[in-house]
Amino acid sequence: MNFDRGTPEELLRPLNEAEQKHAPKDLFVAGDRSLLRSGPAVAIVGSREASPAGLARADKLARLLVKHGVIVMSGLAEGIDTAAHLGAMKHGGRTIAVLGTPLDQCFPAKNRGLQNDIMRDHLAVTQFASGTKVGKHTFPMRNRTMALLSDATVIIEAKDSSGSLHQGWEAIRLGRPLFLAKSLFNDAALEFPREFERYGAEVLTDETLAALIEQLPQGPRGTVIPIPF
């Protein structure tokens with residue numbers, strides 16, 4: 001399978017000053033690279049050790065986003081990420097996988113078939129060149145890049161120590177919409193939902209999904225997104 005390479009500006013659009021701060025120098029892509037420009041994309045992320053309810057929420061959200069013509073983005077991890085990718089594909093939509101490994105590697109290994117399907121029929125993106133040593137540090141970097149590439153982020157299920165929080169903070173820093181599943185606020189043991197809420201994150205419910213859709217850019221993703229700070 002052939003892999004392409006380009007800068008974020010070449011593959012996405014010109015970046016503003018805040019976006020340039022954590023943007024990778026290069027991106028490596030396999031699949032339909034036009035997905036990075038063809039329409040709004042929402043990242044669905046969350047725990048690798050997801051509950052059945054969390055998996056069902058990820059699948060439902062993917063279905064509803066696809067219904068509105070939104071591309072579903074996630075990180076190919078086990079759990080919520082996998083449910084988001086599969087949900088988008090199952091419901092006839094498009095999906096983008098942002099990897100914490102080079103394109104010729106796969107983590108977790110059990111998702112090799114899914115990664116191959118996405119590279120063939122959808123799009124896989126990574127900032128890591130072939131031969132890059134993969135470790136715990138590459139996945140938070142992946143999450144920050146996913147916040148850059150997506151137009152909004154939804155955290156479905158996570159712990160206070162979850163890597164998904166790196167993406168939440170980067171989305172806030174970039175001025176991107178950040179939504180958290182309502183169930184997270186119902187867990188009194190979690191601190192991060194209320195902390196994110198103080199910085200502008202919103203609760204995702206069936207009612208607020210419409211507000212999320214309304215905040216997404218319309219048409220091709222070719223303009224610089226303004227940020228409030």
Side-chain angles (χ1 to χ4, degrees), residues 1-45 70-77 81-82 84-85 88-89 93-108 111-112 114-154 163-164 166-171 173-176 216-217 219-225 227:
M1 183 175 294
N2 294 325
F3 301 151
D4 291 330
R5 176 179 182 173
T7 66
E9 290 85 353
E10 291 169 340
L11 293 170
L12 187 62
R13 52 172 167 71
L15 303 184
N16 61 38
E17 184 176 350
E19 291 171 328
Q20 291 171 2
K21 181 176 181 179
H22 290 153
K25 179 180 178 181
D26 292 300
L27 291 171
F28 304 88
V29 299
D32 185 358
R33 60 189 290 174
S34 72
L35 291 180
L36 287 174
R37 289 180 175 266
S38 61
V42 171
I44 302 175
V45 297
V70 177
I71 298 165
V72 173
M73 187 179 292
S74 200
L76 202 81
D81 290 19
T82 296
H85 290 305
M89 297 163 69
R94 308 303 300 279
T95 191
I96 299 173
V98 185
L99 308 181
T101 69
L103 291 169
D104 56 5
Q105 297 182 41
C106 182
F107 185 85
N111 274 357
R112 171 61 70 181
L114 175 59
Q115 181 172 321
N116 287 341
D117 289 345
I118 290 174
M119 290 194 297
R120 183 186 66 242
D121 299 326
H122 300 270
L123 179 67
V125 182
T126 185
Q127 67 204 84
F128 304 109
S130 179
T132 299
K133 185 176 181 180
V134 175
K136 291 184 178 179
H137 66 289
T138 62
F139 294 94
M141 294 170 66
R142 178 273 312 273
N143 281 104
R144 286 195 293 269
T145 297
M146 200 187 324
L148 169 68
L149 297 179
S150 60
D151 298 300
T153 291
V154 179
S164 298
H166 292 284
Q167 182 159 341
W169 286 121
E170 184 67 359
R173 191 188 70 81
L174 292 171
R176 303 283 203 277
L216 298 176
R221 305 165 68 203
T223 58
V224 175
I225 299 174
I227 61 170

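What you see is a predicted model, and the numbers here were worked out from it, not measured in a lab. Along the sequence shown, residues carry numbers from 1.
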Task: Where G75 and R142 come nearest, the two heavy atoms and their spacing - done: O-NH1, 2.8 Å
TODO: Just jot down the side-chain contact (heavy atoms from CB on, under 4.5 Å) partners of D104, sequence neighbours excluded, or say none.
DONE: F3, P102, S130
- [ ] Identify the two heavy atoms, one from M141 and one from H137, that lie closest to each other, and give their separation to 0.1 Å.
- [x] CG-O, 3.3 Å
Open item on the list: Within the structure provided, determine whether L149 and V98 are in side-chain contact (heavy-atom separation under 4.5 Å).
Closed with: yes
- [ ] List for me each residue that meets side-chain contact (heavy atoms from CB on, under 4.5 Å) alongside D32, sequence neighbours excluded, and say none if there are none.
- [x] S34, L35, R94
Task: Straight-line distance of M146 CE to H166 NE2, nearest 0.5 Å - done: 12.0 Å
Task: Side chain to side chain, V125 and M73, heavy atoms closer than 4.5 Å - done: no
Open item on the list: On a heavy-atom basis, which atom in I71 and which in S38 lie closest, and how many Å separate them?
Closed with: CD1-OG, 3.7 Å
Task: Point-to-point distance, once rounded to the nearest 0.5 Å, from CD1 of I96 to CG of L36 - done: 5.0 Å
Open item on the list: Can you tell me if R5 has over 12 outside heavy atoms packed within less than 6.0 Å of its CZ?
Closed with: no
Task: From D81, T82, I118, residue fulfilling side chain to side chain contact (heavy atoms under 4.5 Å, CB included) relative to L76 - done: I118
Open item on the list: Within the 4.5 Å heavy-atom criterion, are Q115 and L99 side-chain neighbours or not?
Closed with: yes
TODO: Give the minimum heavy-atom separation between T126 and T101, together with the two atoms involved.
DONE: OG1-O, 2.7 Å
Open item on the list: With rounding to the nearest 0.5 angstrom, report the CG to CZ distance, L27 to F128.
Closed with: 10.5 Å
Open item on the list: Which heavy atom of N111 sits nearest to which heavy atom of A77, and what is that distance?
Closed with: ND2-O, 3.9 Å
TODO: For L15 and P8, work out which heavy atoms get closest and say how close.
DONE: CD1-CB, 3.9 Å
Open item on the list: How long is the straight-line distance from CG of L12 back to CZ of R33, given to the nearest 0.5 Å?
Closed with: 11.5 Å
TODO: With the side chain counted from C-beta on, respond yes when R176 and Q167 share a heavy-atom pair under 4.5 Å apart, and no when they do not.
DONE: no
Task: Reported CD-to-CG distance for the pair E10 and D26, which is rounded to 0.5 angstrom - done: 8.0 Å
Open item on the list: So, taking the atom named CZ in R144 and the one named CG in L174, what distance separates them when rounded to the nearest 0.5 Å?
Closed with: 11.0 Å
Task: Donor on one side chain, acceptor on other, H85 and T95, under 3.5 Å - done: yes
TODO: Could you list the residues that satisfy side-chain hydrogen bond (donor to acceptor under 3.5 Å, both in side chains) with T138, not counting sequence neighbours?
DONE: none
